[in-house]
Amino acid sequence: MTFVPGRALTATAAAGVLLLAATACSKDSPGQAPDTASVPSSVPASGQSSASASPSPSGSDRSTPVDIRVTLDGRPVDATLNDSPAARDFAGLLPLTLGLEDFHSTERVADLPRELNTDGAPAPVAAEAGDIAYYAPWGNLALFYEDGPAPSADLLVLGHLDVSADQLGRATRITIEATS
């Protein structure tokens with residue numbers, strides 16, 4: 001193999017440009033350690049990329065959960081919102097404290113301060129116990145403590161509460177806050 005100075009310079013320059021582009025596009029702040037959790041295992045530790053590296057998920061991934069802080073009658077419960085347009089619009093209303101009323105011995109409901117954006121809603125699904133949902137015709141929040149009716153385009157599941165059906169079925173007040 002013969003050493004060709006022009007090729008070495010071109011390869012070095014290309015590697016420098018790639019490194020500069022990668023650091024310029026990084027979400028890490030200067031002085032902050034990089035987020036190694038988001039680096040695919042197929043990328044070598046030296047920073048050289050592999051041809052088989054998979055792309056990172058985009059911000060439009062609808063299955064990315066969004067953590068929220070929820071208290072039911074003063075007791076904290078684990079909860080997440082999905083990444084649907086309606087759930088993101090709901091997150092924009094936070095923090096909220098709402099009084100809850102029973103509806104059809106299936107869900108606890110509360111009126112929201114305004115209607116949510118339902119454009120681009122995912123395919124309808126039947127609500128399950130623990131689901132946080134939005135019923136578009138009435139503009140209200142629904143917290144299901146029993147499995148809901150058949151799928152309906154009017155009912156958008158926004159997220160899920162990890163709470164017993166008994167606790168949710170008796171709840172009279174909910175506070176929902178964004179965690180970040």
Side-chain angles (χ1 to χ4, degrees), residues 24-30 32 34-35 37-39 54-180:
C25 294
S26 171
K27 68 179 178 182
D28 298 323
S29 301
Q32 181 182 18
D35 180 9
S38 64
V39 176
S54 61
S56 60
S58 70
S60 63
D61 182 6
R62 296 174 85 93
S63 64
T64 305
V66 177
D67 290 328
I68 52 176
R69 183 178 304 118
V70 174
T71 56
L72 286 174
D73 298 328
R75 292 186 172 147
V77 298
D78 291 331
T80 55
L81 293 178
N82 59 40
D83 194 29
S84 67
R88 287 191 305 270
D89 192 27
F90 176 70
L93 293 175
L94 303 181
L96 285 174
T97 297
L98 304 167
L100 298 171
E101 297 178 16
D102 192 70
F103 188 75
H104 286 296
S105 299
T106 303
E107 60 194 276
R108 305 298 286 174
V109 297
D111 291 329
L112 292 176
R114 66 169 173 77
E115 292 182 357
L116 298 181
N117 177 1
T118 59
D119 293 340
V125 296
E128 297 177 357
D131 279 349
I132 302 167
Y134 175 66
Y135 186 64
W138 294 349
N140 69 355
L141 188 68
L143 308 172
F144 284 84
Y145 61 91
E146 297 288 334
D147 288 348
S152 165
D154 291 333
L155 185 70
L156 288 78
V157 174
L158 305 175
H160 193 79
L161 296 163
D162 293 324
V163 63
S164 73
D166 184 53
Q167 182 182 354
L168 187 53
R170 289 183 285 115
T172 60
R173 188 169 195 78
I174 187 171
T175 299
I176 309 167
E177 302 168 288
T179 57
S180 57

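Along the sequence shown, residues are numbered consecutively beginning with 1.
Under 4.0 Å is where a charged nitrogen must lie from a carboxylate oxygen, and between R114 and D89 at least one such pair does.
For N117 (side chain) and D119 (main-chain N/O), a donor-acceptor pair under 3.5 Å exists by modelled atom type. At least one donor-acceptor pair under 3.5 Å links the side chain of D73 to the backbone N or O of R173. Proximity of a side-chain donor or acceptor of R108 to a complementary backbone N or O of A171 within less than 3.5 Å is detected. Between the side chain of R88 and the main chain of D83, a donor-acceptor pair closer than 3.5 Å is present. Checked by atom type and distance alone, the side chain of T179 pairs as donor or acceptor with a backbone atom of D67 at under 3.5 Å. For S84 (side chain) and A87 (main-chain N/O), a donor-acceptor pair under 3.5 Å exists by modelled atom type.
Rounding to the nearest 0.5 Å gives a distance of 6.5 Å between CZ of F90 and CG of L158. The line from CG of L112 to CG of L98 is 6.5 Å long, rounded to the nearest 0.5 Å. With rounding to the nearest 0.5 angstrom, the NE2 atom of H104 is 10.5 Å from the CZ atom of F144.
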**Request:** Output, in order, the C-alpha distance, side-chain angles, deciding distance and verdict of side-chain contact (heavy atoms from CB on, under 4.5 Å) for F103 and Y135.
**Result:** CA-CA 12 Å; F103 188 75; Y135 186 64; over 6 Å; no
**Request:** Could you check E146 against E107 for side-chain contact (heavy atoms from CB on, under 4.5 Å), going step by step and ending with a plain yes or no?
**Result:** CA-CA 7 Å; E146 297 288 334; E107 60 194 276; over 6 Å; no
**Message:** Run the side-chain contact (heavy atoms from CB on, under 4.5 Å) test on L141 and I176 for me, step by step, so that the C-alpha distance in whole Å, both residues' side-chain angles and the decisive distance to 0.1 Å come before the verdict.
**Reply:** CA-CA 12 Å; L141 188 68; I176 309 167; 4.1 Å; yes
**Message:** Determine whether Q167 and V77 satisfy the following criterion, side-chain contact (heavy atoms from CB on, under 4.5 Å), listing intermediate values before the conclusion.
**Reply:** CA-CA 10 Å; Q167 182 182 354; V77 298; 3.9 Å; yes
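D166 and S164 form no side-chain donor-acceptor contact under 3.5 Å, judged by distance and modelled atom types alone.
Within the 4.5 Å cutoff, side-chain heavy atoms of L143 are placed close to those of I174. Side-chain contact between P124 and D154 is absent, with no heavy-atom pair separated by less than 4.5 Å. By the 4.5 Å heavy-atom criterion applied to side chains, L116 and L93 are counted as neighbours. Within the 4.5 Å cutoff, no side-chain heavy atoms of L72 are placed close to those of T172. Using a 4.5 Å heavy-atom threshold, the side chains of N140 and D111 count as touching. No side-chain heavy atom of V157 sits less than 4.5 Å from a side-chain heavy atom of I132. Taking the side chain as every heavy atom from C-beta outward, L161 and L168 approach each other to under 4.5 Å. Side-chain contact between I68 and E177 is absent, with no heavy-atom pair separated by less than 4.5 Å.
Scanning all heavy atoms of the two residues, the minimum distance from T71 to P76 falls at CG2-CA, 3.9 Å. Counting all heavy atoms, side chain and backbone alike, A126 lies closest to P149 at CB-O, 3.2 Å. Of all the heavy atoms in A127 and L155, the pair that sits closest is CB-CD2, 3.9 Å. V70 and A79 get closest at one heavy-atom pair: CG2-CB, 3.6 Å. The shortest heavy-atom contact between A136 and T118 is CB-CG2, 4.2 Å. Between A110 and G99, the shortest heavy-atom distance links the atoms CB-O, 3.2 Å.
Residues meeting the side chain to side chain donor-acceptor pair (under 3.5 Å) test with Y145, sequence neighbours left out: D102. In terms of the side chain to side chain donor-acceptor pair (under 3.5 Å) criterion, S152 has no residue partners (sequence neighbours excluded).
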